[in-house]
Amino acid sequence: VLAGTGHDGEARLYIGEADVLRDRLRSHANKKDFWTWFVAFTAADENLNKALVRYLEARLLMLARTANQWTVENTAAPNEPPLSEADRADAEWFLDEMLVIYPILGIDAF
């Protein structure tokens with residue numbers, strides 16, 4: 001998540017995923033001027049595969065748009081990838097943990 005304030009003073013965020021975070025941040029630094037900080041999540045045991053990360057991205061976008069608290073800068077809305085029941089449960093557990101941490105960091109967009 002990239003977070004910051006737009007020229008209009010409104011809280012804004014961009015929700016995305018990256019294979020190489022440094023490269024993605026560098027790209028966003030050149031294209032998006034609202035963000036002043038970011039929050040990235042990872043798993044120490046590498047249990048977050050691409051499908052789970054895309055699922056989390058889609059769920060966060062849906063939650064942010066439904067809550068309508070912050071302006072969401074994403075133009076695309078990815079679909080949730082198909083996951084097994086076990087993978088979906090793991091992803092939802094991880095999402096629940098993220099949703100506890102975001103408000104502590106000042107992101108009440110969800």
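These numbers were taken from a predicted model, which means no experiment stands behind them.
- The backbone N or O of Met62 lies less than 3.5 Å from a partner atom in the side chain of Thr66, making a donor-acceptor pair.
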*Begin from the C-alpha positions of His28 and Leu2 and carry the test side chain to side chain contact (heavy atoms under 4.5 Å, CB included) through to its verdict.*
CA-CA 9 Å; His28 286 316; Leu2 305 178; 3.7 Å; yes
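- Between Tyr55 and Phe94, the distance separating the two ring centers is not shorter than 6.0 angstrom.
- Counting heavy atoms from C-beta outward, Asn79 and Arg54 have side chains that stay 4.5 Å or more apart.
- Annotation for Ala77 and Arg65: closest pair CB-NH1, 3.4 Å, computed over non-hydrogen atoms.
- For the atom pair CZ (Phe34) and CG (Leu13), the distance works out to 7.0 Å, reported to the nearest 0.5 Å.
- Asp87 has its side chain within reach of Leu52: a pair of non-hydrogen atoms, C-beta onward, lies under 4.5 Å apart.
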*Mind running side chain to side chain contact (heavy atoms under 4.5 Å, CB included) on His7 and Asp33 for me, showing each step along the way?*
CA-CA 9 Å; His7 298 294; Asp33 65 351; 3.1 Å; yes
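- To the nearest 0.5 Å, atoms CG (Asp8) and OG1 (Thr71) are separated by 6.5 Å.
- In plain terms, the two heavy atoms of Ala67 and Ala109 that are nearest each other are CB-O, 3.4 Å.
- For the pair Glu73 and Ile15, the minimum side-chain heavy-atom distance is 4.5 Å or more.
- Side-chain atoms of Asn74 never come within 3.5 Å of backbone atoms of Ala76 as a donor-acceptor pair (strictly under, hydrogens ignored).
- No single ILVMFWY cluster, assembled from side-chain heavy atoms under 4.5 Å apart, contains both Leu56 and Val100.
- When atom types are taken as modelled, the side chain of Glu97 and the backbone of Leu95 share no donor-acceptor pair closer than 3.5 angstrom.
- At a threshold of 4.5 Å between side-chain heavy atoms, the hydrophobic network of Ile, Leu, Val, Met, Phe, Trp and Tyr places Leu25 and Trp37 in two separate groups.
- In the hydrophobic clustering of ILVMFWY residues, with side-chain heavy atoms under 4.5 Å counting as a link, Phe41 and Leu99 come out together.
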*I would like to know whether Tyr102 and Val1 meet side chain to side chain contact (heavy atoms under 4.5 Å, CB included); could you show each step before the answer?*
CA-CA 10 Å; Tyr102 277 125; Val1 168; 3.1 Å; yes
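- Here the closest heavy-atom approach between residue Gly106 and residue Trp70 is recorded as O-CZ2, 3.5 Å.
- Listed here is the closest heavy atom pair of Arg88 and Pro81: NH2-O, 4.4 Å.
- The hydrophobic cluster containing Leu105 also contains Val72, counting ILVMFWY residues as joined when their side-chain heavy atoms lie under 4.5 angstrom apart, directly or transitively.
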*Evaluate the side chain to side chain contact (heavy atoms under 4.5 Å, CB included) criterion for residues Phe110 and Leu60: first the C-alpha distance (whole Å), next the side-chain angles of each, then the deciding distance (0.1 Å), finally the verdict.*
CA-CA 7 Å; Phe110 307 104; Leu60 285 170; 3.7 Å; yes
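- In this structure, NZ on Lys50 lies 8.5 Å from CD on Glu57, to the nearest 0.5 angstrom.
- Linking ILVMFWY residues whenever their side-chain heavy atoms come closer than 4.5 Å, directly or via other members, leaves Tyr14 and Leu63 in distinct clusters.
- Using a 4.5 Å heavy-atom threshold, the side chains of Lys32 and Arg12 count as separate.
- At a threshold of 4.0 Å, the pair Arg24-Glu17 does not count as salt-bridged, since none of the basic side-chain nitrogens sits closer than that to a carboxylate oxygen.
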